[in-house]
Asker: 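Have a look at this one.
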Amino acid sequence: MKINKLGILPLLLLAACASDDSAKPDRQCPQIAAVRDLAQIADFGREEPRRSELVAAAKIDRVDGDCKFSDGGGIDVVLDAKMLAERGPKLGVDRVEFPYFVALVTPADIPVRKQNVAVVFKFSGDDRRADSTEKLHVTIPNADDGKGWRVLVGFQLTPEQLAFNRGEPAAAPSQGMTPPKLNKRR
């Protein structure tokens, strides 16, 4: 039996493509977001929440990121958290620090990792506003796809600060005050 070598060549090429490990189905990066109720923080010192007693406030303005899939299984997520701060009348120095976290949540809504960090804002001269871009990295081991995974960023709040963010009456009984609105620096 005589084999036509030119007729086999296309079949060999198709077989090689079909067995290629790098040809994975469309994969998704995990969702990267700020937790709404934890995306801002206001420090009034030890006083009742009044605008005149504000030490400083900050908010997570934007969280952007991307991911890379490693050959051995796993996902590397790199993100930037853009944060803005406002100096209050009671801030007696040129810097303020706020605690925040980065958490990894599985598709089954189970938090598997949380890293606590802090952002430092430095105010120049009489500037009322400052910003910081926090560069963060999260690894999801043994995951072929980021679908359903979430990387969440938020401030570490006291129960009173959380109630204040939510506009709960116990947070500011006589004030009716809402959290400070921080606009982007121009």
Side-chain angles (χ1 to χ4, degrees), residues 20-43 54-88 95-123 127-168 171 178-186:
D20 184 7
D21 287 342
S22 65
K24 302 250 182 190
D26 289 334
R27 298 189 273 187
Q28 285 184 324
C29 285
Q31 177 190 11
I32 300 168
V35 180
R36 185 183 334 162
D37 285 349
L38 307 178
Q40 58 187 9
I41 188 169
D43 180 2
L54 180 68
V55 174
K59 78 170 189 173
I60 301 169
D61 187 49
R62 187 178 72 242
V63 180
D64 298 315
D66 200 5
C67 74
K68 291 183 182 175
F69 297 91
S70 64
D71 294 335
I75 306 169
D76 287 319
V77 181
V78 178
L79 58 136
D80 290 339
K82 172 78 172 182
M83 300 185 192
L84 306 173
E86 177 183 330
R87 177 193 310 227
R95 71 187 291 277
V96 67
E97 183 175 315
F98 288 114
Y100 72 97
F101 67 87
V102 181
L104 178 62
V105 181
T106 69
D109 281 336
I110 300 169
V112 291
R113 190 176 320 132
K114 179 180 175 187
Q115 180 180 0
N116 293 315
V117 286
V119 57
V120 175
F121 296 99
K122 294 181 182 176
F123 298 94
D127 286 351
R128 290 184 37 94
R129 300 192 193 290
D131 59 46
S132 178
T133 299
E134 301 291 295
K135 302 206 176 283
L136 307 163
H137 179 256
V138 176
T139 301
I140 306 172
N142 304 319
D144 288 332
D145 187 11
K147 185 176 182 180
W149 286 87
R150 292 179 292 152
V151 177
L152 303 175
V153 180
F155 286 109
Q156 284 291 140
L157 303 179
T158 65
E160 294 80 16
Q161 288 170 323
L162 180 59
F164 182 75
N165 281 359
R166 291 178 173 167
E168 294 174 1
T178 58
K181 301 293 183 204
L182 300 176
N183 297 317
K184 289 185 181 180
R185 190 187 244 183
R186 293 182 199 237

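Everything quoted here is computed from the prediction, not taken from an experiment.
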Asker: Is any side-chain N of the basic residue among Asp131 and Lys82 closer than 4.0 Å to the acidic one's carboxylate O?
Answerer: yes
Asker: Where is the tightest heavy-atom contact between Gln161 and Gln156, given as atom of each residue plus distance?
Answerer: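 Closest approach of Gln161 to Gln156, heavy atoms only: OE1-O, 4.2 Å.
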Asker: How many angstroms lie between atom CG of Leu38 and atom CG of Leu162, to the nearest 0.5 angstrom?
Answerer: 6.0 Å
Asker: Scan Asp80, Leu79, Leu136 and name whichever one has a side chain to side chain contact (heavy atoms under 4.5 Å, CB included) with Val63.
Answerer: Leu79
Asker: Output yes when a side-chain donor or acceptor of Asn165 lies under 3.5 Å from a complementary backbone atom of Asp37, and no otherwise.
Answerer: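 Side chain of Asn165 to backbone of Asp37: a pair is present.
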Asker: Main chain of Asp145, side chain of Gln28: is a donor-acceptor contact present, judged purely on distance under 3.5 Å?
Answerer: no
Asker: In a table with atom names and distances, give each donor-acceptor pair under 3.5 Å that connects a side chain of residues 95-104 to protein atoms at least two apart or in another chain.
Answerer:
| from | atom 1 | to | atom 2 | distance (Å) |
| --- | --- | --- | --- | --- |
| Tyr100 | OH | Glu134 | OE1 | 2.8 |

Asker: Out of curiosity, Gln40 CD to Phe164 CZ, how far, rounded to the nearest 0.5 Å?
Answerer: 8.0 Å
Asker: Measuring from His137:NE2 to Gln115:CD, what's the distance to the nearest 0.5 Å?
Answerer: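 It comes to 11.0 Å.
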Asker: Under a 4.0 Å N-O cut-off, is there an ion pair linking Asp127 with Arg87?
Answerer: no
Asker: Going by atom type alone, with no hydrogens or angles, which donor-acceptor pairs under 3.5 Å involve a side-chain atom of residues 147-155 and a protein atom two or more places apart or on another chain?
Answerer:
| from | atom 1 | to | atom 2 | distance (Å) |
| --- | --- | --- | --- | --- |
| Arg150 | NH2 | Asp109 | OD1 | 2.4 |

Asker: Asp66: which residues meet the side chain to side chain donor-acceptor pair (under 3.5 Å) condition with it, sequence neighbours left out?
Answerer: none
Asker: Roughly how far apart are Ile75 CD1 and Thr139 OG1, rounded to 0.5 Å?
Answerer: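 The distance works out to 10.0 Å.
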Asker: To the nearest 0.5 Å, what is the distance between NZ (Lys68) and CZ (Arg27)?
Answerer: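 So the NZ of Lys68 and the CZ of Arg27 are separated by 13.0 Å.
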